[in-house]
Amino acid sequence: MCIRDSLHSTAVELRLAEERVAEAGPVTGEVPEEPLDPVAVAEELADLERRRLNIGAVNELAAQERTELAEREQHLTEQIDDLQQSSESLAAHLGELDNAVDEGFEAIFTAVSERFAEVVGWLFPGGTGRLRLVEPEDEDGEQGVLVEVVPANKRPRPMSLMSGGERSLIAMAFMLSLAMARPAPFYLLDEVEAALDDANLRRFLGVLRRLAGETQFIVITHQQPTVEIADTLFGVTMGANGVSQILSRRLAQTVEGPARPYVRRQLRLVGS
């Protein structure tokens, strides 16, 4: 390309630039200090054109996509706000529930503790017993319940050093204290007195008869004294023909039959 063609092309581009400036109108408050250099203007125009080409094709759907994204963003923002409000509401309800649980547990624990001390006095004449809350070892742990029982004329000992009968009586004292604090229609006891000797068994049966006026006890047992204090007996026996039979008998508590006089007399002594 010769110099003449280059100058002609530059002049044409300059004329186009002047026309565009004229169409845009004068810039308010801006007065050029010196006339524009045609060569500099042509170079700037070429640079702008090159940058426009580098941008690529214009996306005609960009405005529509932007509108859709804005609507979706607004929808998600509303959902996030709703979730935050729900979270705050749930946190408030959980706080109320925790307070209700704490109050209910405190009331039940107080009632069970009073009953436990009473039942321990029945099962361990002259002994003492109490339930005590224990603070958690870890920061996130929960409170525990410590069972303390001291039989008469004995020093305090861990439960692991007590005899099997004493541990059984303590377990039954706790169970019976729950039954007395929050009575249920009936309770099922499965050979809970198997480890008790005669004296402790009589004490346990005396407590059981005392509570039988308020609730029902279904006792599975192999102990004859426990059978003898029952109101109704259910059992399985083998007949003469070798076939198992289910038996049921209702016993009158006012009758002193030959099978029960010893236990009945001992229960009277325990209850007196």
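Quick note: numbers below take in every heavy atom, side chains included, and nothing from hydrogens, waters or symmetry partners. This is a predicted model, so every value here is computed, not measured.
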Inset, instruction - Scan side-chain atoms only and decide if Glu71 and His75 contain a donor-acceptor pair under the 3.5 Å cut-off. - result: no
Inset, instruction - Kindly indicate whether the side chain of Leu196, heavy atoms from C-beta on, has any atom under 4.5 Å from the side chain of Ser168. - result: yes
Legend entry - Arg155: side-chain contact (heavy atoms from CB on, under 4.5 Å) partners, not counting sequence neighbours: Arg157
Inset, instruction - Please step through salt bridge (Lys or Arg N to Asp or Glu O under 4.0 Å) for the pair Asp231 and Arg209, ending with a clear verdict. - result: CA-CA 10 Å; Asp231 297 326; Arg209 289 297 304 171; 3.3 Å; yes
Inset, instruction - Name all residues meeting the ring pair (Phe, Tyr, Trp, His ring centres under 6.0 Å) criterion together with Phe234; count only those two or more places apart in sequence or in a different chain, and write none if there are none. - result: none
Inset, instruction - For Ala173 and Val119, work out which heavy atoms get closest and say how close. - result: CA-CG1, 3.7 Å
Less than 3.5 Å apart, which donor and acceptor atoms pair up between the side chains of residues 184-193 and the rest of the protein, not counting sequence neighbours?
from: Tyr187; atom 1: OH; to: Arg182; atom 2: O; distance (Å): 3.2
from: Tyr187; atom 1: OH; to: Ala184; atom 2: N; distance (Å): 3.0
from: Glu191; atom 1: OE2; to: His222; atom 2: ND1; distance (Å): 2.9
from: Glu193; atom 1: OE2; to: Thr221; atom 2: OG1; distance (Å): 2.5
from: Glu193; atom 1: OE2; to: Thr226; atom 2: OG1; distance (Å): 2.9

Inset, instruction - Would you kindly say whether Glu228 and Gln224 are connected by a side-chain donor-acceptor distance under 3.5 Å? - result: yes
Inset, instruction - Apply side-chain contact (heavy atoms from CB on, under 4.5 Å) to Arg51 and list each qualifying residue two or more places apart in sequence or on a separate chain. - result: Asp47, Leu48
Legend entry - Any donor-acceptor N/O pair, Ser113 side chain to Phe109 backbone, under 3.5 Å: yes
Inset, instruction - Kindly indicate whether the side chain of Thr128, heavy atoms from C-beta on, has any atom under 4.5 Å from the side chain of Val149. - result: no
Inset, instruction - Please determine if Arg203 forms a cation-pi arrangement with Trp122, meaning its NZ or CZ atom is less than 6.0 Å from the six-membered ring centre and no more than 45° off the ring axis. - result: no
Inset, instruction - Not counting sequence neighbours, which residues clear ring pair (Phe, Tyr, Trp, His ring centres under 6.0 Å) with Phe124? List them please. - result: none
Inset, instruction - Indicate the atoms forming the closest heavy-atom contact of Gln223 with Ala194, along with that distance. - result: NE2-O, 3.8 Å
Inset, instruction - For Glu43, check side-chain contact (heavy atoms from CB on, under 4.5 Å) against everything at least two apart and list the hits. - result: Val39
